[in-house]
Structures are given as C-alpha cells and as structure tokens.
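Here is the structure we will look at.
Convention: sequence-line order gives letters A, B, ...; per-chain numbering from 1.
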Amino acid sequence: MRIATWNINSIGARLPRLLDWLGTAEPDVLCLQEIKCSEADFPADELGRLGYESAVHGTGRWNGVAVLSRVGIEGVRRGLSGEPGFQPEDAMIEAVEPRAIGVTCNGVRLWSVYVPNGRTVEHAHYEYKLRWLGALRTTVVEELDSARPFAVLGDFNIAPTDADVWDISQFTESTHVTAPERDALAALREAGLRDVYPRALKYEVPFTYWDYRQLCFPKNRGMRIDLVYADAAFADAVTDAFVDREARKGTGASDHAPVVVELG
DNA sequence: ATGTCGACATATTGTCGA
C-alpha cells in the first residue's frame with residue numbers, strides 16, 4: 001500500500017499537475033493540504049475518473065485538507081477534538097479553520113493535517129499554532145488503537161531538528177524551529193508516534209519545502225516540514241519512504257514536494 | 001528588491017497569507 005502526503009498550494013491551480021502525478025506515482029492514498037477550495041468546488045469528478053474517492057474539509061480561499069483514496073474511505077472526521085480557532089485582528093470572533101481530516105483507508109487510520117504557520121514568534125498566530133498542536137495531540141491519544149495502523153501526515157510547519165533547514169543561522173528569530181514547536185512534536189512522539197524519515201533522492205537532507213522566492217529550489221534552500229508521524233504498527237510496516245522532488249520542478253509547481261511511503 | 005505564487009475583493013491593481 002502506497003500512501004503519500006502533499007501540500008498542493010491550491011488544488012485549482014495544481015489540478016493538471018496533480019492528475020499527472022497521480023498517473024505516474026500511483027499512490028493508493030494521498031493526503032492533501034492547502035487545497036484552498038470548498039468541498040463543493042473540489043474536483044471530485046475528475047479525480048473519480050482516475051479511480052479516487054475524496055474526503056474533503058475546506059471552506060475556500062485559505063487552508064483546506066483532503067484525502068484521496070483508491071482503496072476506500074470510511075470513518076471520516078473533520079476537525080480535531082477541542083480544536084482552537086484563530087481570530088484575526090479585524091475579526092469579532094475566532095473561527096475554527098479546515099486544517100485536519102481523519103479517515104480510514106484499507107484498515108489504516110490516517111489524518112491529513114495543515115498545522116498553522118505561526119507567522120512570527122510574537123504574533124497571535126504562533127500561540128494559535130501551539131494550542132492547535134495541543135489539540136492534535138489530544139486527538140492522537142484518543143484515536144491511537146493498537147488494532148489498526150495509525151499515522152498523521154501533512155504540513156507540520158515545524159523542522160524537527162536544526163539539520164532539517166538549509167541553514168540554521170538564517171532562522172534565529174524564526175518560527176518553525178523554536179523549542180515550544182519542537183516540544184509539540186516530542187509530545188506526539190511520547191504519545192507513541194515516530195517520525196518516518198524519507199530518502200532525499202538528491203542532496204543529504206530530504207527537504208520537502210522550498211520557498212518560491214530567491215531561487216530557493218535551485219539553491220536547495222529547503223526545509224523538512226512535511227512529516228509522517230506514525231505509530232509502531234505503521235512505522236514497522238514501512239518498506240520505503242522518499243521525497244519526490246521531481247514534483248517541485250518546472251513551472252506551475254507547488255512550493256512543497258510530496259512525501260511517499262510504501263507499506264509492505 | 002519580500003526578487004514568487006495564489007485567491008479574491010477593493011476588481012484589470014491591491015491586499016493578505018505563505
């Protein structure tokens with residue numbers, strides 16, 4: 001069983017490349033993030049013609065997650081237990097955003113997640129990110145069940161170690177590398193999950209994200225922030241894992257590359 | 001040069017988010 005995760009940065013803008021990638025990579029399950037569309041606008045029919053069912057949690061302009069599967073989808077859950085919302089400065093109330101969807105595909109329990117970015121360590125979005133990660137841990141603890149393999153896949157917006165960014169000296173005042181963010185990952189590991197570390201295919205570190213700006217991809221100024229956090233049953237079944245950096249090449253690419261995991 | 005993208009309202013350019 002082949003399971004992948006990909007921050008697609010708008011499924012509308014990326015649909016031709018997504019259809020092409022599905023045809024060549026042939027994942028059984030694909031977790032998507034930043035679909036940037038509502039469930040009503042999701043291209044379920046075109047994906048269905050390739051044999052994929054869809055489960056979608058999206059509202060429109062920002063965020064949005066989904067799972068595609070050609071091995072069935074059941075037990076769909078939209079949102080985390082106790083999931084916090086975000087309140088922009090000009091808004092009257094905080095709103096819960098579409099950032100997590102849970103599904104069961106062929107007996108494997110999966111969550112596709114898009115962790116809040118955090119923006120800057122001083123920003124309210126950073127506190128939101130940490131609270132959101134707390135709700136993710138709560139949900140993981142609730143759902144962990146030794147009877148079925150389990151994994152959380154997606155854009156965590158956290159580099160687990162200093163080696164997971166292209167130059168740590170460039171991140172002294174930045175989010176994505178702070179101790180509280182990494183503590184949240186450690187809490188997931190303490191709950192029983194492991195970081196499934198992929199092969200890079202090129203260069204040493206398997207970066208998954210390169211900013212569109214400043215020629216970051218050609219210079220390999222990347223970050224490993226798209227992660228597969230799996231329980232023992234899932235992790236022990238992994239026979240291969242890699243970052244498909246080919247999908248980051250050329251015009252019309254997402255700024256993230258897919259992570260592909262093979263289960264034996 | 002925050003140098004690239006994507007979505008969308010304020011709409012053929014500006015704004016926000018990443």
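Closest-nucleotide positions on DNA chain B for A:Asn157 and A:Tyr212 were compared, and the one nearer the 5' end corresponds to A:Tyr212. Between A:Tyr114 and A:Ser10, it is A:Ser10 whose nearest contact on DNA chain B lies nearer the 5' terminus.
A salt bridge does not link A:Asp28 with A:Arg2: none of the charged nitrogens is closer than 4.0 Å to a carboxylate oxygen. A salt bridge does not link A:Glu34 with A:Arg14: every distance from a Lys NZ or Arg NE/NH1/NH2 to an Asp or Glu carboxylate oxygen is 4.0 Å or more. The pair A:Asp195-A:Arg224 counts as a salt bridge, with a side-chain nitrogen and a carboxylate oxygen less than 4.0 angstrom apart. Using a cut-off of 4.0 Å between Lys/Arg side-chain N and Asp/Glu carboxylate O, A:Arg78 and A:Glu39 are scored as salt-bridged. Taking 4.0 Å as the cut-off between side-chain N and carboxylate O, A:Asp236 and A:Arg194 count as a salt-bridged pair. Ionic pairing of A:Glu143 and A:Arg109 is present here: one or more N-O contacts between side-chain nitrogen and carboxylate oxygen are shorter than 4.0 angstrom. Between A:Asp183 and A:Arg189 there is no salt bridge, since no side-chain nitrogen of the basic residue lies less than 4.0 Å from a carboxylate oxygen of the acidic one.
Between A:Ile225 atom CD1 and B:dA18 atom C1' the separation is 10 Å, expressed in whole Å. Separating the CD1 atom of A:Ile8 from the P atom of B:dA18 is a distance of 18 Å, rounded to the nearest angstrom. Rounded to a whole Å, the CD atom of A:Gln214 is 13 Å from the P atom of B:dC5. When the C1' atom of B:dA18 is taken as reference, atom CD1 of A:Ile35 falls 17 Å away, rounded to whole Å. In this structure, A:Tyr126 atom OH and B:dA18 atom C1' are separated by 18 Å, rounded to whole Å. When rounded to the nearest whole Å, the span between CD of A:Glu34 and C1' of B:dT4 equals 14 Å. Residue A:Asn117 contributes atom CG, which lies 5 Å from atom P of B:dA18 at whole-angstrom precision. Between the CG atom of A:Asp211 and the P atom of B:dT2 there is a distance of 12 Å, rounded to whole Å.
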Item to complete: Summarise protein proximity over nucleotides 11-16 of chain B in one line of letters, 5' to 3': B for base, S for sugar-phosphate only, - for none, counting protein heavy atoms closer than 4.0 Å.
Response: ----B-
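The residue A:Tyr209 sits apart from the nucleic acid: no heavy atom pair falls under 4.0 Å.
Nucleotides B:dG6 and B:dA1 place their P atoms 25 Å apart, quoted to the nearest Å. Taking the P atoms as reference points, B:dA11 lies 15 Å from B:dC16, given to the whole Å. Nucleotides B:dT12 and B:dA7, compared at atom C1', are 16 Å apart to the nearest Å. With both ends at atom P, the span from B:dT10 to B:dG3 equals 25 Å, rounded to whole Å.
Evaluation of the side-chain contact (heavy atoms from CB on, under 4.5 Å) rule for A:Val141 yields A:Arg137, A:Ala191 as partners, not counting sequence neighbours. A:Leu50 meets the side-chain contact (heavy atoms from CB on, under 4.5 Å) test with A:Leu19, A:Leu22, A:Tyr52; sequence neighbours excluded.
A heavy atom lying under 4.0 Å from DNA chain B marks none of the residues of residues 247-256 of chain A.
If you check B:dA7, B:dG3, B:dT4 against the side chain of A:Lys36, the one that comes closest is B:dA7.
With hydrogens and angles left out, the side-chain atoms of A:Asp226 and A:Thr208 include a donor and acceptor closer than 3.5 Å.
Between A:Arg14 and B:dC5 there is no side-chain polar atom (N or O) within less than 4.0 angstrom of OP1 or OP2.
DNA chain B forms stems at B:4-9 with B:13-18, each a run of 3 or more consecutive Watson-Crick or G-U wobble pairs whose two key distances fall under 3.5 Å.
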Fill in: Chi angles and distances behind the salt bridge (Lys or Arg N to Asp or Glu O under 4.0 Å) call for A:Arg77, A:Glu142
CA-CA 13 Å; A:Arg77 264 189 74 184; A:Glu142 276 174 11; 3.6 Å; yes
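Listed by first and then second residue, the side chain to side chain donor-acceptor pair (under 3.5 Å) pairs involving residues 58-67 of chain A are A:Asn63-A:Arg99 (not counting sequence neighbours).
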